[in-house]
Amino acid sequence: MPSTHTFAAVDLGASSGRVMVARVGPGTLDLQEVHRFANRPVRTGGTLHWDVLALYRGVLDGLRAAGSAAGGRLAGVGIDSWAVDYGLLDAGGALLGNPVHYRDTRTDGAPQKVAAALPPEELYAATGLQHLPFNTVFQLVAAQGTPQLAAAKQLLLIPDLISYWLTGEAGTEITNASTTQLVDPRTRTWSPVVAARLGIDLGLFPPLRSPGDPAGVLRPEVLAETGLTGPVPVTAVGSHDTASAVVGVPADEGADGGGFAYIATGTWSLAGLELDRPVLTEASRAANFTNELGVDGTVRYLRNIMGLWLLQECLRTWEAQGGPQDLAALLDGAARAAPLRSVVDAGDPGFLAPDDMPRRIARACARTGQPEPRTPVETTRCVLDSLALAHRAAVEEAQALSGRTAGTVHVVGGGAHNTLLCRLTADATGLPVVAGPAEAAALGNVLVQARAAGAVGGGLAGLRALLRATQPLRYYRPAGDRSAWDEAADRIGTGCRGRRM
């Protein structure tokens with residue numbers, strides 16, 4: 001057996017997708033990006049769709065590049081993506097239309113319809129999922145009575161759809177399935193009671209898979225398209241990108257003060273703890289924490305925070321109004337700007353849809369009697385202070401509600417590169433921050449593949465030890481008086497303490 005194996009990780013995000021190649025073995029974990037492609041939604045007929053065929057083309061191009069980097073041979077492929085969205089297939093396995101984007105307005109009114117049939121406290125007790133207006137359950141209720149849903153014979157979540165096209169074999173990976181609000185986190189199976197109360201046919205979903213399960217092999221036409229030499233197995237990984245990202249947290253509970261919190265940063269910030277059982281209390285529901293399933297029987301107990309979407313949308317607006325913005329210069333200016341001058345609730349649903357984000361942030365500040373940010377630098381500082389404040393609230397509340405403690409905060413994902421955000425998060429939480437790896441989702445993806453293939457062994461602790469030994473990390477110590485953060489939180493009331501979206 002060779003000492004190292006080469007795996008490809010398909011990692012699909014809300015704004016871009018990429019294919020990464022990793023060489024994995026005892027003491028070895030090298031990751032390389034070989035292809036990146038845009039993920040641009042398309043609005044047609046008043047509905048916002050994902051361009052899923054363009055995504056699939058990007059995956060094929062990426063696998064071709066991965067094959068070139070690996071000499072034509074891969075030990076496996078794994079796929080992770082964002083959650084909740086899905087494609088519908090007809091009886092012949094053909095896609096019935098481009099999947100609808102979770103930011104589309106079709107779910108307007110669906111949560112109220114669901115609540116009339118199944119009160120929120122009962123839905124939470126059964127599924128443990130936080131209230132987000134775009135959860136799959138609301139999308140399916142909104143789609144009831146449509147010709148497309150009536151014609152559907154199978155429903156595949158986005159990573160499962162890509163896997164099906166690659167292999168011809170259908171399955172539903174459990175970590176992503178848990179975001180549908182149709183799974184019981186205690187049994188890690190579907191909740192027939194919830195489905196029956198809401199008129200949802202669980203027969204649309206193919207059988208559940210767990211991370212590490214085989215998901216087929218690349219079809220002959222895919223091998224021909226990509227130039228790969230078969231057989232190439234596809235392995236179910238933590239197909240919700242946050243599930244893979246949490247595997248990629250380089251935690252060391254012995255050095256982390258007995259426990260750790262994580263913040264998976266990107267378009268969203270997913271902040272919380274890794275638990276061995278769900279928290280299904282009414283207090284947890286009121287605080288809007290979710291119990292999503294993780295790898296190796298774990299539970300991702302976390303809150304969704306709007307994340308760097310706020311800054312991404314500001315940049316898009318500024319560029320549309322006057323040309324490109326230099327992000328590095330904005331961050332440098334923000335680091336020198338007055339701290340905590342104005343903050344907003346990073347969980348405010350008013351920030352969810354694409355629009356003029358700087359104007360919305362200014363108006364939110366005005367509503368709470370704070371100075372309106374007038375310049376891009378002031379707005380950038382407001383966004384980062386607000387995210388750090390939301391990170392603090394999520395970490396503190398997760399500990400209080402679960403009875404678990406965290407001595408360290410791990411920041412992974414794209415935000416690990418944002419020095420100011422990491423420093424502010426350390427100051428706000430009063431805890432040391434370990435930043436990195438930025439590619440936690442791809443690393444978690446390949447580690448699950450590698451373990452399934454026998455290239456590495458051990459549980460999550462062993463996989464994380466390999467991360468610590470091979471990946472660059474940065475460390476931030478908290479500084480300053482936390483009373484300034486307390487005062488800033490008071491300005492927006494309970495906004496960062498469990499506001500429901």
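Atoms considered below: every heavy atom in the structure, side chains included; atoms not considered: hydrogens, waters and symmetry mates.
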Run Y124 and S284 through side chain to side chain donor-acceptor pair (under 3.5 Å) and show every step you take. CA-CA 9 Å; Y124 190 87; S284 180; 2.6 Å; yes

Which is it for V295 and V448 under the side-chain contact (heavy atoms from CB on, under 4.5 Å) test, yes or no, and what are the steps along the way? CA-CA 9 Å; V295 173; V448 169; 4.3 Å; yes

E313 and D355: CA distance, side-chain angles, deciding distance, side-chain contact (heavy atoms from CB on, under 4.5 Å) verdict: CA-CA 7 Å; E313 277 297 285; D355 198 358; 5.7 Å; no

Give the C-alpha distance, both sets of side-chain angles, the deciding distance and a yes or no for side-chain contact (heavy atoms from CB on, under 4.5 Å) between L228 and R73. CA-CA 6 Å; L228 290 166; R73 291 186 177 274; over 6 Å; no

Could you go through T180 and V137, starting from their C-alpha distance and side-chain angles, then the distance that decides it, and tell me whether this counts as side-chain contact (heavy atoms from CB on, under 4.5 Å)? CA-CA 6 Å; T180 63; V137 69; over 6 Å; no

Kindly indicate, with the supporting measurements, whether the criterion ring pair (Phe, Tyr, Trp, His ring centres under 6.0 Å) is fulfilled by W82 and F134. CA-CA 12 Å; W82 69 95; F134 47 71; over 10 Å; no

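With sequence neighbours left out, the ring-ring contact (aromatic ring centres under 6.0 Å, His included) criterion links Y164 to no other residue. Every salt bridge (charged side-chain N to carboxylate O under 4.0 Å, His left out) that R57 has, sequence neighbours left out, goes to D61, E225. Qualifying side chain to side chain donor-acceptor pair (under 3.5 Å) partners for R186, counting only residues two or more places apart in sequence or in other chains: D184. With sequence neighbours excluded, the residues satisfying side chain to side chain donor-acceptor pair (under 3.5 Å) with D30 are R23. Partners of R209 according to the salt bridge (charged side-chain N to carboxylate O under 4.0 Å, His left out) rule, which considers only residues two or more places apart in sequence or in another chain, do not exist here. Evaluation of the side-chain contact (heavy atoms from CB on, under 4.5 Å) rule for T172 yields L157, D160, A177, W190, F205, P206, L208 as partners, not counting sequence neighbours.
Without hydrogens or angle criteria, Q471 side chain to L29 main chain gives a donor-acceptor distance under 3.5 Å. Judged purely by atom type and a 3.5 angstrom limit, T167 has no side-chain atom pairing as donor or acceptor with the backbone of L218. At least one donor-acceptor pair closer than 3.5 Å links the side chain of E173 to the backbone N or O of N176. Under a 3.5 Å cut-off, the side chain of S163 and the backbone N or O of P159 do not form any donor-acceptor pair. Put simply, the side chain of N445 gets close to the backbone of G78: a donor and an acceptor are under 3.5 Å apart. Although no hydrogens or angles enter the test, the distance criterion places no donor-acceptor pair under 3.5 Å between the side chain of S269 and the main chain of T265. Side-chain atoms of Q144 come within 3.5 Å of backbone N or O of L198 as a donor-acceptor pair.
Taking the six-membered ring for Trp and the full ring otherwise, the centers of Y56 and W50 sit at least 6.0 Å from each other.
Residues L421 and N418 come closest through the heavy atom pair N-OD1, 3.0 Å. Between S244 and D80, the shortest heavy-atom distance links the atoms OG-CB, 4.2 Å. The heavy-atom pair separating G87 from P99 by the smallest distance is CA-CG, 4.1 Å. Smallest separation of non-hydrogen atoms from S402 and L275: CB-CD1, 4.0 Å. Of all the heavy atoms in L273 and R404, the pair that sits closest is CD1-CB, 4.1 Å. Here the shortest heavy-atom pairing between A69 and Q32 reads CB-OE1, 4.5 Å.
If you take CG on L270 and CD1 on I305, they are separated by 8.0 Å, rounding to the nearest 0.5 Å. Rounding to the nearest 0.5 Å places OG of S386 at 11.5 Å from CE of M306. Rounding to the nearest 0.5 Å places CG of L223 at 10.0 Å from CG of L63. For the atom pair CG (L31) and CE (M20), the distance works out to 4.0 Å, reported to the nearest 0.5 Å. Between L74 atom CG and Q449 atom CD the span is 9.0 Å, to the nearest 0.5 Å.
Two residues are said to be in side-chain contact when any heavy atoms from C-beta on lie closer than 4.5 Å; R277 and V299 fail this criterion. Within the 4.5 Å cutoff, side-chain heavy atoms of V100 are placed close to those of T47. Looking at heavy atoms from C-beta onward, N291 lies in side-chain contact with L280 at the 4.5 angstrom threshold. With contacts defined as side-chain heavy-atom distances shorter than 4.5 Å, the pair L460/V246 does not qualify. Two residues are said to be in side-chain contact when any heavy atoms from C-beta on lie closer than 4.5 Å; L387 and L310 meet this criterion. For the pair S178 and R300, the minimum side-chain heavy-atom distance is below 4.5 Å. A 4.5 Å side-chain heavy-atom check between P437 and L473 finds at least one atom pair inside the cut-off. A heavy-atom distance below 4.5 Å is found between the side chains of V456 and V24.
No side-chain donor from either of H240 and T175 sits under 3.5 Å from a side-chain acceptor of the other. R303 and Q130 share no side-chain donor-acceptor pair at under 3.5 Å. Side-chain atoms of N135 and Q139 include no donor-acceptor pair closer than 3.5 Å. Between the side chains of H101 and R43, no donor-acceptor pair of N or O atoms lies under 3.5 Å.
Using a 4.0 Å cut-off between charged nitrogen and carboxylate oxygen, E319 and R316 do not count as a salt-bridge pair.
The number of heavy atoms from other shown groups lying within 6.0 Å of CZ (R36) is above 12.
Under the ring pair (Phe, Tyr, Trp, His ring centres under 6.0 Å) criterion, the residue pairs touching residues 137-160 are H131-F138, with sequence neighbours excluded. Screening residues 237-251 for salt bridge (charged side-chain N to carboxylate O under 4.0 Å, His left out) gives no qualifying pairs among residues at least two apart or on separate chains. Listed by first and then second residue, the side chain to side chain donor-acceptor pair (under 3.5 Å) pairs that reach into residues 211-221 are R219-E221, sequence neighbours excluded. Sorted by first then second residue, the ring pair (Phe, Tyr, Trp, His ring centres under 6.0 Å) pairs that include residues 139-161, not counting sequence neighbours, number zero.
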Please report, to 0.1 Å, the donor-acceptor pairs under 3.5 Å made by any side chain of residues 107-123, with sequence neighbours excluded.
unit_1	atom_1	unit_2	atom_2	d
T107	OG1	P133	O	3.1
E122	OE1	R197	NH2	3.3

Residues 8-15, side-chain donor-acceptor partners within the protein, below 3.5 Å, at least two apart:
unit_1	atom_1	unit_2	atom_2	d
D11	OD2	R18	NE	2.7
D11	OD2	R18	NH2	2.7

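Relative ring orientation between F289 and Y301 is described as parallel, the plane-to-plane angle staying below 30° on a 0-90° scale split at 30° and 60°.
Under the 6.0 Å distance and 45° angle rule, R103 counts as a cation-pi partner of W309.
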